[in-house]
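Please read the structure below before turning to the comments.
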Amino acid sequence: MALLGVSFSLCFKEITRGGNEGRFSRIYLRQRWGGGRAVPPPGGRIWRGRPAAALEVQRIDGENDAETEEKVDYDWREEWYPLYLSAEVPLDAPLGLSVFHKQLVLYRDAAGAFHCYEDRCPHRLAKLSEGQVVDGRLECLYHGWQFEGDDGKCVKIPQLPAGAKIPASACARSYEVRDSQGVVWVWMSEKSPPDESKLPWFEHYDRPGFQHVSTIHELPYDHSILLENFMDPAHVPISHDRSDFYSKREDAQPLIFHLTDRTARGFEGTWRKSRPPATPLNYLRFEAPCALQNNNSYKAKDGKGHHVSALFLCRPTGPGTSMAIIRFGTTLASPIMKFFPGWLFHQNICKVLEQDMGLLASQNEALVKEAKPTGKLYLNLGSSDVWVAEYRRWKDKVGHGMPSYFGSRSVSLAAEAAVSGESPAGAPARISASFPAKGGVGGLHATSSVNRYFRHVVHCGACRRAVKGFRWWGRSLYGVALLLLAVTLLAERRQWKAALLASSALCAAAGYLCSSALSLLTTNFIREHRRL
């Protein structure tokens, strides 16, 4: 566990560091914002807005805020949604995904290009994601119909008589996709052409030398709750106490927020801690429909400027479920990082998500049961929850254009009940109340989003390879240990017996380490309550 803490802190040190290593300088993001609005260079200032309360501890409910009355034209389909990390899309198999209630299938053709269709065959509505890729074409395994290209054209129906034409209506419903900065994005509109100006672009990922750790996770609660959690720095010292060298409950304190911009596309601002020692400003930005980033920059002792970024892409996958693409990166690469495998960082991100899982699943359940806006349920504080309140106010403006939402003053429930796998959204919380394992249910391969293997490992090539490797090496080393032990019994010389016995013990110990690493990758976090 000590190594676990070291690996996590190495990954996030550059993101959470204080201001001791150099003067902090402001970072400006040249991200497309509200149809291509330019962000000024240092020295200019066109951000608008008002400063949020710094240390005042009052309820923020938005009841007297005129802006919460305003609604803007919004259609959730007229947006780009993050589907998957490009590198993790299988080369030879279709991938079933969803955006809200829309079921999609993503695959690569023979040239490696991405194509996305509605996840059902026009013949008898079987799932195309249950099919296979044959010569770059997507084949439905029910009757063998094959589809290809950006338009989902049907090119083969085995049951047609010789010379018969394939009906034009046999095409699969297609969606436009883009591979941008390592993420596959889908345009969900069925009536409007893709708006390229809305495709998110993140400056850090084009910087020379920028390195990052990127992971994918399925989670058993609504994407709005997931976004809320990621934009809530106040919970980190408590919920993630001792997850690394920087998160300690003693560090919980009032925070200072400044809202610097608010548009129909989202909002942005700065935040920092209120207690000394002085810490650098963090720049937070939320952009519709589901992109959140927390960035800062600083100058190191050698005078070079460096940038760090935490990027969260939270896709709605259905009532009470979501998928998160999490990316942490920096332009300052530590040489020590090279000695730690990627799966070690991934499993610690899993641990951090599991520390919140029961809490957020129970929050999801409470919101659905109460069916009230968050302004009537949350007790938001000006010293900790400014971004949460701002996000729910944004939902008031645009929520009418979504399948479901919870705003600060308004609410619209999903047509279907919130579910997590095969169980209600609050099941992980109820289990956690009686047993400390956060979502510790089901077998290794159970298709439940409270199972770590299903939530992350199946989506991550590095972790799948690590699981396979540790399993093989563990079994092999235990087998060799038993073989050496048997040979020891047959050996006549005492020296040979000692050498063989020592070798058997070493192989058994190595096998145990492989089993421990396998458990680390696949076992959910169990909270040990800290005695104060």
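Quantities reported herein were computed from a predicted structural model and do not represent experimental measurements. Counting from 1, the numbers follow the sequence of the chain as shown.
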Inset, instruction - Look at the side chain of K468 and the backbone N and O of C463, then say whether any donor-acceptor pair between them is shorter than 3.5 Å. - result: no

Legend entry - Donor on one side chain, acceptor on other, Q355 and S239, under 3.5 Å: no

Legend entry - Residue pair C290 / P82, side-chain heavy-atom distance below 4.5 Å: yes

Legend entry - Heavy-atom side-chain proximity of D150 to H115 below 4.5 angstrom: yes

Identify every side-chain donor-acceptor pair in residues 93-105 under 3.5 Å, counting partners at least two apart or on other chains, and give the distances.
{"from": "S98", "atom 1": "OG", "to": "T317", "atom 2": "O", "distance (Å)": "2.8"}
{"from": "K102", "atom 1": "NZ", "to": "E190", "atom 2": "OE2", "distance (Å)": "3.4"}

Inset, instruction - Classify the side-chain pair H307/R207 by whether it contains a donor and acceptor separated by less than 3.5 Å. - result: yes

Legend entry - Derivation and outcome, ring-ring contact (aromatic ring centres under 6.0 Å, His included), residues Y117 and Y107: CA-CA 9 Å; Y117 308 146; Y107 78 99; 5.6 Å; yes

Legend entry - R120 (side chain) donor-acceptor with K127 (main chain) under 3.5 angstrom: no

Legend entry - Check: D222/N364 side-chain N/O donor and acceptor closer than 3.5 Å: no

Inset, instruction - Consider only side-chain N and O atoms of S224 and Y391, and report whether a donor and an acceptor are under 3.5 Å apart. - result: no

Legend entry - N/O donor-acceptor pair under 3.5 Å between S519 side chain and S515 backbone: no

Inset, instruction - Looking only at non-hydrogen atoms, find the nearest pair between L359 and S362 and report the distance. - result: O-OG, 2.7 Å

Inset, instruction - Using side chain to side chain donor-acceptor pair (under 3.5 Å) as the criterion, list what pairs up with H217, not counting sequence neighbours. - result: T215

Inset, instruction - Would you confirm whether R285, through its side chain, and Q293, through its main-chain N or O, come within 3.5 Å as a donor-acceptor pair? - result: no

Inset, instruction - May I ask you to test the R452-Q347 pair for a side-chain heavy-atom distance under 4.5 Å? - result: yes

Please list, one pair per line, the donor and acceptor atoms closer than 3.5 Å that link side chains of residues 131-141 to other protein atoms, with sequence neighbours excluded.
{"from": "Q132", "atom 1": "NE2", "to": "E139", "atom 2": "OE1", "distance (Å)": "2.7"}
{"from": "R137", "atom 1": "NE", "to": "E148", "atom 2": "OE1", "distance (Å)": "3.3"}
{"from": "R137", "atom 1": "NH1", "to": "Q146", "atom 2": "OE1", "distance (Å)": "3.4"}
{"from": "E139", "atom 1": "OE2", "to": "Q146", "atom 2": "NE2", "distance (Å)": "3.0"}

Inset, instruction - Indicate yes or no for a side-chain donor-acceptor contact from D385 to the backbone of V388 under 3.5 Å, with no hydrogens or angles considered. - result: no

Inset, instruction - Say whether S408 and R392, considering side chains only, have a donor N or O and an acceptor N or O under 3.5 Å apart. - result: no

Legend entry - Minimum-distance pair of heavy atoms, taken over all atoms of F406 and T374: CB-CG2, 4.3 Å

Legend entry - Under 3.5 Å: donor-acceptor pair, side chain of T331, backbone of G209: no

Inset, instruction - Establish, from distance only, whether the side-chain atoms of W185 and D179 form a donor-acceptor pair under 3.5 Å. - result: no

Inset, instruction - Answer yes or no: is there a donor N or O on one side and an acceptor on the other, between the side chain of Q159 and the main chain of H143, under 3.5 Å? - result: yes

Legend entry - Heavy-atom closest contact (S180 atom, P200 atom, distance): OG-O, 4.0 Å

Inset, instruction - Spell out, as yes or no, whether a donor-acceptor pair under 3.5 Å connects the side chain of Q181 to the backbone of F202. - result: yes

Legend entry - Non-hydrogen side-chain atoms of W80 and P289 separated by less than 4.5 Å: no

Legend entry - Polar contact flag, side-chain donor to acceptor under 3.5 angstrom, D396-S410: yes

Legend entry - F328, F345, Y205 screened by ring-ring contact (aromatic ring centres under 6.0 Å, His included) with H212, the one that passes: Y205

Legend entry - F286/W394 aromatic ring centres below 6.0 Å: yes

Inset, instruction - Please assess R265 against E79 for the test salt bridge (charged side-chain N to carboxylate O under 4.0 Å, His left out), listing each intermediate value before the final yes or no. - result: CA-CA 11 Å; R265 301 287 302 154; E79 297 283 7; 2.6 Å; yes

Inset, instruction - Take atom CG of D206 as the centre, draw a 6.0 Å sphere, and report whether it contains more than 12 heavy atoms from other residues, nucleotides or ligands. - result: yes

Legend entry - Within-4.5 Å side-chain heavy-atom neighbours: P220 and T321: no

Inset, instruction - List the atom of Y84, the atom of H459, and the distance in Å for their closest heavy-atom pair. - result: OH-ND1, 2.6 Å

Legend entry - Closest contact, heavy atoms only, Y142 versus R124: OH-NH2, 3.3 Å

Legend entry - Heavy-atom closest contact (K397 atom, E70 atom, distance): CG-O, 3.3 Å

